[in-house]
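So you know, we letter chains A, B, ... as the sequences are listed, proteins then strands, and number each from 1.
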Amino acid sequence: MTELKYVAPKSIEEAISLLSEYGEKSKIISGGTDLLVQMKNKVVLPDFLVSIGDIRDLDYINYDEINGLRVGALTTIGSIEKSSLIHSKFNILAQAAGTLGTPVIRHQATIGGNLCNAAPSADTAPALMVLGARVKIAGVDGEKLVSIDDFFTGPGQTVIKHGQILTELQIPNLPRHSGAAYVKQTRRQGADLAVVGAAALVTMEGDILRDVKIALGAVAPTPIRAKKAEEILKGKKLDDRLLEESGQAASGESKPIDDTRGSADYRRKLVTVLVKRAVRQAVEQAQLEV
Amino acid sequence: MSIEMLVLNVNGVKYELKARATATLAEVLREELGLTGTKIMCNEGECGACTVLINGRPVLSCMTLAIDAEDKDILTIEGLADSVTGSLHPIQEAFVEKSGMQCGVCTPGMILTAKALLDEKPDPSEDDVRSALSGNLCRCGNYRRITECVLAAGKMMRGERND
């Protein structure tokens with residue numbers, strides 16, 4: 001690695017001021033499990049490393065009946081995976097977190113880092129998309145909220161500009177009779193990036209799918225919503241033919257590439273299978289909740 | 001160019017040293033402190049060989065900047081045996097008795113990851129052990145024995161007899 005300057009601010013304000021001062025030559029480091037690999041491979045070579053691990057007030061999981069869930073950006077993936085609160089209220093997020101990397105990586109990696117690294121395959125992203133999450137971004141001009149659907153702009157790219165920092169994740173309460181599931185296809189059981197990841201959330205009214213949200217990972221330059229696939233199911237009763245049609249539509253909405261984990265063609269086929277599986281599991285979850 | 005003065009607390013000893021800001025904890029442990037029990041294999045967080053405990057929790061030392069480990073308690077494999085009597089930790093004993101290592105490169109990481117598991121969950125199931133060690137690769141493929149060693153060490157630590 002090349003030499004660089006390391007700073008460890010103690011507050012969000014100090015971090016923002018340092019990031020604004022150093023501009024595009026700076027990089028935020030928290031868990032380091034993505035950034036250090038990129039630095040070792042010389043893909044990313046910052047002159048200034050702003051280590052935010054000491055900002056302890058960014059590590060929290062809070063919940064209340066009105067506002068829903070609030071998760072600090074420095075909360076580790078492992079804390080989310082193990083949170084009994086997230087398990088009981090937003091299980092899909094714990095489920096997605098539990099598929100990321102290995103136990104030791106989950107202990108180091110943070111939710112903010114997983115999102116800001118903006119890998120098309122980021123496991124938490126499709127889950128957060130179907131949950132309707134928003135992220136809070138702080139900068140010199142104050143704070144703003146951005147829908148997770150608008151957060152990613154390309155591989156490794158987000159709406160965050162230099163001098164800004166992702167501070168919090170907000171997830172609204174789900175309507176009653178909702179269920180959600182994330183399914184991930186990998187080449188081996190543990191520690192692999194998704195070939196395809198699919199998340200589905202359904203809200204039931206009797207046996208009618210009142211609302212449906214579907215999101216996909218690793219099949220486009222960013223994690224994406226599959227809105228055509230959602231529309232096909234909305235307001236309908238679940239049946240095999242409709243589900244197949246929805247899975248096919250999602251496949252059509254995906255824009256996968258060939259890489260070491262799978263061909264574009266295989267990924268398109270997988271999308272159909274995984275969307276069907278995710279929707280079925282989401283419906284099962286919704287029916288469990290009485 | 002940035003050389004930092006660091007104070008690292010490793011195995012109960014305070015070390016003052018100079019290191020590049022980008023030096024990983026694994027590099028500093030091996031090259032500055034001569035604690036070569038910590039292995040660097042993949043050097044990108046895939047294999048778990050470099051695992052050390054920081055404040056009791058397993059951490060990949062190749063994916064941690066040394067400077068970020070300041071003011072924390074770092075435990076490496078060298079610090080695991082009893083510092084007064086020199087007697088091995090039960091997990092180390094189990095690995096010796098039940099042939100938990102073949103080439104030995106994954107062993108320090110395996111043992112420290114297992115220690116964190118047993119400290120948190122003294123009576124783990126086999127699935128718990130396999131899951132906890134899922135980020136530690138053994139290229140000799142000795143997983144079955146390693147799992148048995150951890151379960152046996154758990155028994156020893158709980159004061160139960162091993163058959």
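- Proximity to chain A (any heavy atom under 4.5 Å) is shown, for B:Thr113, by neither the backbone nor the side chain.
- Atoms CG and OG1, on A:Leu4 and B:Thr22 in that order, are 5.5 Å from each other to the nearest 0.5 Å.
- Heavy atoms closer than 4.5 Å to chain A are found in both the backbone and the side chain of B:Asn43.
- We find the CD-OG1 distance between B:Glu44 and A:Thr33 to be 12.0 Å, quoted to the nearest 0.5 Å.
- Sparse packing is recorded around CZ of B:Arg130, with 12 or fewer heavy atoms of other residues, nucleotides or ligands lying under 6.0 Å away.
- Other residues, nucleotides and ligands place no more than 12 heavy atoms under 6.0 Å from the CE atom of B:Met41.
- When all heavy atoms of A:Pro103 and B:Ser131 are compared, the pair lying nearest together is CG-O, 3.2 Å.
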Check against side-chain contact (heavy atoms from CB on, under 4.5 Å), A:Tyr6 and B:Asp68
CA-CA 10 Å; A:Tyr6 170 99; B:Asp68 276 335; 2.2 Å; yes
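- Paired with B:Met63 under the rule side chain to side chain contact (heavy atoms under 4.5 Å, CB included), one option of A:Leu36, A:Val104, A:Leu35 passes, and it is A:Leu36.
- Heavy-atom distances place no part of A:Asp34 under 4.5 Å from chain B, backbone and side chain included.
- To the nearest 0.5 Å, the span separating CD1 on A:Ile105 from CG on B:Leu60 amounts to 5.5 Å.
- Here the OG1 atom belonging to B:Thr24 is positioned 10.5 Å from the CE atom belonging to A:Met39, to the nearest 0.5 angstrom.
- At most 12 heavy atoms of other shown residues, nucleotides or ligands fall within 6.0 angstrom of atom NZ in A:Lys27.
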